[in-house]
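Below is one structure, written out as structure tokens; the observations come after it.
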Amino acid sequence: MRIKGAEAAGVAPGHARFYEQVDVNALIGGSGALPQRIGYLVDVPFDADGRLPRLRDLRVIAFARPVPGQAGQLQLISPNAQQPWSPQLDAMVRAIITESVSPDAPPQITGIGNAFHVPGTIPGEGETQIFLNTANRAPISISVLRRPNQERRWSVSTGDIVDNSAGPPKPETLLWYRLACGLPDRLPDASLAGQEPANAEAARDDYQFVLRALGPCGASR
């Protein structure tokens with residue numbers, strides 16, 4: 001059912017608001033059971049021809065939270081929290097949720113601690129280390145190695161010991177999402193306090209190299 005008037009306030013241009021009632025095929029993750037039939041508001045875009053997509057019988061994956069005091073009513077957690085179902089998306093979501101409940105799941109990144117660059121003994125050689133702040137204080141660090149006439153290499157360590165052989169995270173894993181969606185756009189100046197200007201600039205450049213290698217967070221960023 002399309003929602004118009006005051007109840008559609010705040011809808012983005014090129015979108016329309018609907019109240020959807022859907023049948024639950026599976027609960028992939030959550031802290032409680034859901035009724036067989038649920039409802040929620042969703043904003044959907046018009047297609048290239050200015051028409052609304054056909055929502056009836058559309059199979060979707062929705063990321064939502066319960067509405068307090070209203071059984072069977074949910075609230076999407078973001079404007080794009082309803083996505084068309086596909087086997088690939090289903091498998092990815094299930095894998096990430098499985099990772100998230102593991103005892104050694106990568107924690108949420110809350111900021112950047114210290115960062116420094118140490119030049120090597122020959123031109124073009126050096127290493128940058130960046131230590132991240134996390135919600136549960138578990139250690140995560142990023143290392144970037146420079147070698148003459150070689151591509152820069154970077155890695156992520158999720159323990160107390162910096163492991164340069166760990167390599168970068170695999171795309172669309174929980175650790176990848178934690179980094180791609182949790183890292184700020186630039187190194188804070190406070191993280192580089194005490195560094196020589198040239199070393200601080202090298203650390204900033206290596207940090208941008210890591211962000212480019214991660215790629216955009218996409219729907220979650």
(Q) Is the shortest side-chain heavy-atom distance between His117 and Tyr207 below 4.5 Å? (A) no

Q: Assess whether atom CG of Asp49 is packed by more than 12 heavy atoms of other residues, nucleotides or ligands within 6.0 Å.
A: yes

**Q.** Residue pair Val144 / Arg152: nearest heavy atoms and the distance that separates them
**A.** CG1-CD, 4.1 Å

Q: Compare all side-chain heavy atoms of Leu179 with those of Leu132 and state whether any distance is below 4.5 angstrom.
A: yes

(Q) Would you say that more than 12 heavy atoms from the other residues, nucleotides or ligands in this model lie under 6.0 Å from the CD of Glu7, or not? (A) no

Q: Please name the pair of heavy atoms, one in Gly167 and one in Ser155, separated by the smallest distance, quoted to 0.1 Å.
A: N-CB, 3.3 Å

Q.
On a heavy-atom basis, which atom in Glu172 and which in Tyr177 lie closest, and how many Å separate them?
A. CA-CE1, 3.6 Å

(Q) So which atom in Leu76 and which in Ala62 form the shortest heavy-atom distance, rounded to 0.1 Å? (A) CD2-CB, 4.1 Å

Q) Can you tell me how far the OG1 atom of Thr173 sits from the CE atom of Met92, to the nearest 0.5 Å? A) 10.5 Å

Q) Would you say Val22 and Ile38 make side-chain contact, with heavy atoms under 4.5 Å? A) yes

**Q.** Neighbour count >12 (heavy atoms, 6.0 Å) for atom CZ, Arg137
**A.** no

(Q) If I take atom CG from residue Leu175 and atom CD1 from residue Ile109, how far apart are they, to the nearest 0.5 angstrom? (A) 7.0 Å

Q) Once you round to the nearest 0.5 Å, how far does CE of Met1 lie from CZ of Phe18? A) 10.5 Å

Q | Verdict with reasoning, Asp47 to Arg54, per salt bridge (Lys or Arg N to Asp or Glu O under 4.0 Å) | A | CA-CA 10 Å; Asp47 65 18; Arg54 182 178 176 85; over 6 Å; no

Q.
Under a 3.5 Å threshold, yes or no: a donor from one side chain and an acceptor from the other, between Tyr40 and Gln82?
A. yes

(Q) Any non-hydrogen side-chain atom of Leu214 less than 4.5 Å from a side-chain atom of Trp154? (A) yes

Q.
When you compare the side chain of Ile142 with that of Asp206, does any pair of heavy atoms fall below 4.5 Å?
A. no

(Q) Using side-chain heavy atoms (C-beta onward) and a distance below 4.5 Å, is Leu174 in contact with Ser100? (A) yes

Q) Considering only heavy atoms from C-beta outward, does the side chain of Arg59 approach that of Asn25 to under 4.5 Å? A) yes

Q: Indicate the atoms forming the closest heavy-atom contact of Leu74 with Ala64, along with that distance.
A: CB-CB, 3.8 Å

(Q) Within a 6.0 Å radius of atom CD on Glu196, are there more than 12 heavy atoms belonging to other residues, nucleotides or ligands? (A) no

Q.
Using 0.5 Å steps for rounding, measure from the CG atom of Leu41 to the CD1 atom of Ile3.
A. 6.0 Å

Q | Atom CZ of Arg17: over 12 foreign heavy atoms under 6.0 Å | A | yes

**Q.** Shortest non-hydrogen separation from Pro45 to Leu52 and the atoms involved
**A.** O-CD2, 4.3 Å

Q. Is Pro35 close to Val24 at the side-chain level, that is, under 4.5 Å between some pair of heavy atoms?
A. no

Q) Roughly how far, to the nearest 0.5 Å, is the OG atom of Ser141 from the CG atom of Asn114? A) 12.0 Å

